[in-house]
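Step one of this worksheet: look at the structure below.
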Amino acid sequence: MEPPTNMDFISILSIFVMACFVGYYVVWSVTPALHTPLMAVTNAISSVIIVGALIAAAAAGSASSKWLGLLAVVLASVNIFGGFAVTARMLAMYKKKDRPAPKPEGQ
Amino acid sequence: MEHAATPAWALLAYLVSGVLFILALRGLSSPSTSQRGNRFGMIGMGIAVVTTLVTHLPNMMAAPEVPEVPYDFLLDLPGLGAILVAIAIGGSIGWLTARRIKMTDMPQLVAAFHSLVGMAAVLVGWAAYLNPEAFGIAVREVLTTDQLAKSYGALQIFPQSRIEMGLGIAIGAITFSGSVIAFLKLAGKMSGAPIMLPGRHVINLGTLAAIIGLTGYFTLDQSLWVIAAVTALSFLIGFLLIIPIGGADMPVVVSMLNSYSGWAAAAMGFTLHNTAMIITGALVGSSGAILSYIMCKAMNRSFISVIAGGFGVVAETGGEAKEQRPWKRGSAEDAAFLLGEAEQVIIIPGYGMAVAQAQHVLREMGDQLKARGVRVKYAIHPVAGRMPGHMNVLLAEAQVPYDDVFELEDINGEFAQTDVAFIIGANDVVNPAAKTDKSSPIYGMPVFDVEKAKSIMFIKRSMGGVGYAGVDNDVFYMDQTMMLLADAKKMVEDINKALSN
């Protein structure tokens with residue numbers, strides 16, 4: 001296997017830097033009323049770290065690495081399901097004025 | 001191998017899930033689009049997980065010592081089963097917790113979730129260290145380069161990957177131990193008051209320098225003790241950093257840890273060259289950083305001074321009521337009469353409302369007043385509660401329509417045309433000392449101009465307590481102020497009774 005080249009590193013660094021800018025503008029556009037759901041949902045999506053956990057859990061070669069991976073899968077899953085579910089629960093509570101409550105959809 | 005040969009469709013799938021995460025946050029720009037946004041987030045996560053499972057099916061066959069030898073694939077069914085069970089266990093714990101948690105307990109739930117992301121990052125980092133080939137971040141040392149008699153030695157992790165791994169583990173560990181302390185403080189299982197260690201700045205800076213130094217040294221020596229020391233010191237500093245911060249600074253701490261959990265995911269994303277992780281890490285990292293900035297600005301405190309900790313300690317001694325001043329006590333009936341006669345009432349909820357669980361009776365009061373033709377608005381300070389937006393969620397839970405709820409800068413001009421400013425469980429955010437008294441610890445913090453309202457009602461447990469900043473509040477002693485001394489929920493219930501008579 002080849003060591004990563006500079007170009008590899010620069011291209012992922014570029015994605016990272018661009019994503020920081022996207023994050024900056026997207027987060028400023030979030031209404032302050034939804035800052036708590038914002039934290040809950042960012043919590044859920046930062047558990048995308050489960051990708052690394054799955055790779056470790058699936059790989060042969062090191063039993064300890066596998067167990068660490070499985071444990072990380074459990075922790076990240078708590079966060080993913082818990083984070084999205086609690087966000088959905090909160091968001092469903094936000095209602096507009098003077099309108100009969102719309103039928104709760106898909107929750 | 002796996003890493004080099006990640007198929008193009010998988011790379012695209014990770015990109016798609018990254019974009020879906022961006023859309024998930026974008027949806028939060030308005031309550032009407034937010035639920036769709038959340039579903040985008042779930043789909044994105046589903047895509048990332050399925051893609052990883054499919055491209056990394058558990059293999060029974062370990063990679064051979066010599067890289068050139070092709071090796072077979074044999075599906076490890078028990079291995080796959082174990083992964084699915086792990087997801088099921090974690091998923092059900094998370095789902096049940098999310099269903100049961102009380103909205104007042106959101107801050108500690110979020111802190112607990114942050115600690116899990118941090119711990120997961122540490123575990124993934126260690127797994128990558130112990131099995132670097134699986135992550136495609138190592139190469140076997142070539143001992144003899146002779147074409148015919150090539151021989152291989154130990155696995156060498158790429159130096160660049162070592163730095164990324166070290167950073168991921170360090171940030172993850174700080175997130176974990178910091179969040180555990182934040183959780184204990186928010187859940188009331190540990191004193192919320194700042195705990196000051198002597199010489200803590202020196203200890204903290206020293207520990208931080210040691211972590212950076214060791215991470216650098218890790219590129220030269222991939223021994224176990226180096227990475228173990230980085231992990232241990234990082235756990236320690238996360239603990240030391242959060243211990244001295246307490247009380248009103250908790251919203252900043254929670255946002256800051258949110259940011260760290262993002263950077264930890266990003267660092268792991270660099271190790272794995274995974275677009276979804278890098279995009280998410282950047283999003284979450286900047287989200288937490290922006291929220292910390294908003295919170296600091298709303299308290300007129302610099303980020304550094306929050307991190308340095310200890311807010312509220314000095315004030316405990318200096319902030320006693322300076323002298324006995326006269327104040328007026330009102331009854332629920334008096335309050336109900338004034339409220340009923342008003343044209344416009346602005347309700348200012350604070351953390352005390354959450355503690356007393358008074359949001360539901362408060363909404364009933366608002367409904368009763370509206371039925372009498374009173375305009376009722378809710379005003380929320382950015383740092384009200386123990387996390388950003390906490391009050392908004394509690395009001396939404398009590399079915400207060402979100403277009404009745406206003407931010408500080410949107411409503412502050414309206415107090416002059418307001419008959420009653422109704423303060424429930426808030427204190428520092430209405431303290432005029434923030435505007436006038438340069439010596440006050442909260443000087444410069446933007447506050448509500450309640451003193452411009454025709455009358456002020458202040459629900460408070462007793463006259464003894466002061467706000468989190470430990471400062472006396474001139475509003476208590478103003479001519480137009482009526483102090484309603486009781487438990488917030490009890491008082492509002494009594495007002496409701498009086499209103500309906």
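Residue numbers begin at 1 in each chain, while the letters A, B, ... track the order of the sequences.
Here the side chain of A/R89 pairs a donor or acceptor atom with the backbone of B/I101 at under 3.5 angstrom. Under a 3.5 Å cut-off, the side chain of B/N131 and the backbone N or O of A/S65 do not form any donor-acceptor pair.
Remark: B/S30 pairs with B/S32 by the side-chain hydrogen bond (donor to acceptor under 3.5 Å, both in side chains) rule, at least two apart or across chains. The side-chain hydrogen bond (donor to acceptor under 3.5 Å, both in side chains) search around B/T52 returns B/Y14, not counting sequence neighbours.
B/N392 and A/T36 share no side-chain donor-acceptor pair at under 3.5 Å.
Comparing B/E407, B/M391, B/H390, B/M268 by heavy-atom pairs within less than 4.5 Å of chain A, the highest count is held by B/E407. With chain A as the partner, the residue from B/G41, B/A128, B/A265, B/A398 showing the most heavy-atom pairs under 4.5 Å is B/G41. Per-residue counts of heavy-atom pairs under 4.5 Å with chain A were compared for B/F270, B/Y129, B/W126; the largest is that of B/F270. In terms of heavy-atom pairs under 4.5 Å with chain A, the best-connected choice from B/I87, B/T97, B/I93, B/V49 is B/I87. Of all the listed residues (A/A33, A/A53, A/S64), the one sharing the greatest number of non-hydrogen pairs under 4.5 Å with chain B is A/A33. Counting heavy-atom pairs closer than 4.5 Å to chain B, the top residue among A/I15, A/L38, A/L71, A/I50 is A/L38.
At a 4.5 Å heavy-atom cutoff, the contact between B/V254 and chain A is made by backbone and side-chain atoms alike. Contacts of B/R36 with chain A are absent, with no heavy-atom separation under 4.5 Å from either backbone or side chain. Residue contact with chain A, scored on non-hydrogen atoms closer than 4.5 Å, is absent for B/V405. Looking at B/L15, there are no atoms closer than 4.5 Å to chain A (heavy atoms on both sides), in backbone or side chain. Heavy-atom distances place the side chain of B/L109, and not its backbone, under 4.5 Å from chain A. Within the 4.5 angstrom heavy-atom criterion, only side-chain atoms of A/V41, from C-beta onward, approach chain B. Heavy atoms closer than 4.5 Å to chain A are found in the side chain of B/M106, but not in its backbone.
The heavy-atom pair separating B/R26 from A/S29 by the smallest distance is NH1-OG, 2.9 Å. Minimum heavy-atom separation, B/S287 to A/T42: OG-CG2, 3.7 Å. Between B/A264 and A/I49, the shortest heavy-atom distance links the atoms O-CD1, 4.5 Å.
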